[in-house]
Protein chains: 2
Amino acid sequence: MNNDSTLRITKQRQIILDELMRVTSHPTADDLYQMVRQKLPRISLGTVYRNLETLAGLGMIQKLEVAGTQKRFDGNAATHYHIRCQRCGRVDDLDLRLNTDLEKAAAEKTRFTILRHRLEFTGLCPECQKLNAQAEEA
Amino acid sequence: MNNDSTLRITKQRQIILDELMRVTSHPTADDLYQMVRQKLPRISLGTVYRNLETLAGLGMIQKLEVAGTQKRFDGNAATHYHIRCQRCGRVDDLDLRLNTDLEKAAAEKTRFTILRHRLEFTGLCPECQKLNAQAEEA
DNA sequence: GTGTCTGCAAACCATTTGCATCGGT
DNA sequence: ACCGATGCAAATGGTTTGCAGACAC
């Protein structure tokens with residue numbers, strides 16, 4: 001995708017990438033739109049979407065397909081796992097090193113060619129654990 | 001969700017559940033709508049959505065949060081993994097037994113309470129492997 | 001009879017797209 | 001000057017919802 005055509009470095013593209021690299025959260029397209037708008041008030045949401053798609057296609061950022069309605073984006077292009085809070089939706093990184101090769105294990109069970117995998121945990125973040133405990137006292 | 005109120009067994013609900021149990025594929029709401037319509041021509045898509053949501057809430061079926069635009073549903077409520085074809089979107093079961101306890105490993109790396117996890121593979125199904133090979137000959 | 005469920009259609013909301021213009025190269 | 005990128009607004013598409021009538025209990 002987007003093989004030989006020239007990729008222009010526009011102000012919009014640059015700032016979107018900068019902002020995404022700057023944060024460790026995993027913002028949605030709209031989150032990013034709000035962030036970028038501080039610096040480029042006239043940018044459009046469509047441009048944010050288009051650029052995130054382009055950058056993800058080039059492997060410069062990662063498009064996360066975590067549960068939930070909105071897509072999220074990650075400035076860290078290396079493979080790593082995520083955990084999502086069931087209550088507040090927050091997504092954190094999880095630097096998990098497994099001694100099992102999941103893709104190899106899967107390859108033995110299917111006739112599919114395996115290209116990649118995704119492992120995602122769901123739980124309660126520390127803050128929401130507290131809030132939940134408080135709610136139960138009532 | 002839907003705790004104490006009486007759950008009525010309507011023809012629609014029954015047939016939706018029957019159809020989902022009958023197949024081993026992982027149909028989208030619209031797939032199911034088409035299937036159920038053969039037996040109940042006047043059913044509405046909204047009813048299919050509402051019932052799938054209800055049944056999933058009761059744990060009778062599973063709502064899959066696989067990558068891709070549409071939600072998919074699984075008549076098998078037990079935990080198991082899935083592999084999705086990147087090319088045609090087909091979703092197959094994967095009966096993978098891991099000797100590593102993923103949730104335990106994750107728990108050691110985060111302050112979240114872990115509730116569940118999801119592991120999904122992406123690849124090419126046998127049919128699409130063929131089609132891809134043919135395309136490359138050209 | 002009561003309160004849930006349904007069909008229908010409209011509403012929703014994240015994302016995509018067509019188009020005229022702008023701006024990087 | 002060319003052609004990719006942008007802003008804007010409208011379109012798309014999956015899913016949800018409000019409502020009046022239907023039906024399970």
Side-chain angles (χ1 to χ4, degrees), chain A residues 1-20 26-58 60-73 84 89 91, chain B residues 1-20 26-58 60-73 84 89 91:
Chain A
M1 37 188 90
N2 230 322
N3 288 321
D4 38 33
S5 59
T6 331
L7 188 72
R8 293 183 182 168
I9 303 170
T10 61
K11 203 173 302 183
Q12 290 83 341
R13 183 163 294 158
Q14 188 64 61
I15 294 186
I16 289 169
L17 188 55
D18 285 352
E19 289 297 298
L20 187 52
H26 303 79
T28 61
D30 195 74
D31 291 340
L32 235 0
Y33 174 54
Q34 301 303 339
M35 290 159 64
V36 173
R37 223 148 50 127
Q38 309 287 319
K39 304 193 173 175
L40 268 182
R42 294 192 55 78
I43 198 173
S44 76
L45 182 56
T47 296
V48 174
Y49 272 105
R50 274 184 289 230
N51 275 300
L52 288 172
E53 210 54 51
T54 304
L55 294 170
L58 294 171
M60 299 179 67
I61 65 170
Q62 227 184 321
K63 182 165 33 161
L64 302 183
E65 317 215 42
V66 293
T69 37
Q70 289 167 266
K71 288 177 189 165
R72 288 173 176 274
F73 297 84
R84 186 176 54 93
V91 176
Chain B
M1 39 184 87
N2 230 323
N3 287 320
D4 38 32
S5 60
T6 332
L7 189 72
R8 293 184 180 166
I9 303 169
T10 60
K11 204 173 300 183
Q12 289 84 341
R13 181 164 296 157
Q14 187 65 60
I15 293 185
I16 289 169
L17 188 55
D18 285 353
E19 287 299 296
L20 187 52
H26 304 79
T28 62
D30 197 74
D31 291 340
L32 233 0
Y33 173 53
Q34 301 303 339
M35 291 160 64
V36 173
R37 222 142 59 118
Q38 309 287 319
K39 305 193 173 175
L40 269 181
R42 293 193 54 78
I43 196 171
S44 77
L45 183 55
T47 296
V48 174
Y49 272 105
R50 274 185 290 231
N51 275 300
L52 289 172
E53 209 54 52
T54 303
L55 294 170
L58 293 171
M60 297 178 70
I61 65 171
Q62 228 183 320
K63 183 166 30 163
L64 302 184
E65 317 214 39
V66 293
T69 38
Q70 290 168 267
K71 287 178 189 164
R72 288 175 176 273
F73 296 84
R84 185 176 54 92
V91 175

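Quick note: numbers below take in every heavy atom, side chains included, and nothing from hydrogens, waters or symmetry partners. Every chain is numbered from 1 and lettered A, B, ... according to where its sequence line falls, protein lines coming before strand lines.
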Exercise: identify the closest heavy-atom pair between B/Ala29 and B/Leu45:
O-CD1, 4.2 Å
Tell me the closest heavy-atom pair linking A/Leu52 and A/Leu32, and the distance in Å.
CD2-CD2, 4.0 Å
Any chance you could list the contact pattern along nucleotides 18-25 of chain C? Use B for base contacts, S for sugar-phosphate-only contacts and - for none, protein heavy atoms under 4.0 Å, 5' to 3'.
B----BBS
Rounded to 10°, the helix from C/dG1-D/dC25 to C/dT25-D/dA1 deviates from straight, judged by its five-pair end axes, by 40°
Look for any protein N or O under 3.5 Å of an N or O in nucleotides 12-14 of chain C and output each such pair with its distance, or none.
none

Qualifying side-chain hydrogen bond (donor to acceptor under 3.5 Å, both in side chains) pairs with a residue from residues 42-52 of chain B, counting only residues at least two apart or across chains
B/Arg13-B/Asn51, B/Ser44-B/Thr47
Name all pairs fulfilling the side-chain hydrogen bond (donor to acceptor under 3.5 Å, both in side chains) condition that reach into residues 61-71 of chain B, sequence neighbours left out, sorted by first residue then second.
B/Glu53-B/Lys63
[X] [atom1] to [N] [atom2], straight-line distance once rounded to whole Å:
X: B/Ile15; N: C/dG7; atom1: CD1; atom2: P; result: 11 Å
X: B/Tyr33; N: D/dG14; atom1: OH; atom2: P; result: 13 Å
X: B/Gln14; N: C/dC5; atom1: CD; atom2: C1'; result: 15 Å

Quick check: does any side chain N or O of B/Asp18 sit under 3.5 Å from a backbone N or O of B/Ile15, one acting as donor and the other as acceptor?
no
Backbone N or O of B/His26 within a donor-acceptor pair of the B/Arg72 side chain at under 3.5 Å?
yes
In residues 35-47 of chain A, which ones come under 4.0 Å of DNA chain D, going by heavy atoms?
A/Arg42, A/Ile43, A/Ser44, A/Thr47
Do the side-chain N or O atoms of B/Gln12 get closer than 4.0 angstrom to the phosphate oxygens (OP1, OP2) of D/dC23?
no
Just to be sure I understand the rule, does A/Asn51 reach a base, reach only the sugar-phosphate, or reach nothing, if contact means heavy atoms closer than 4.0 Å?
sugar-phosphate
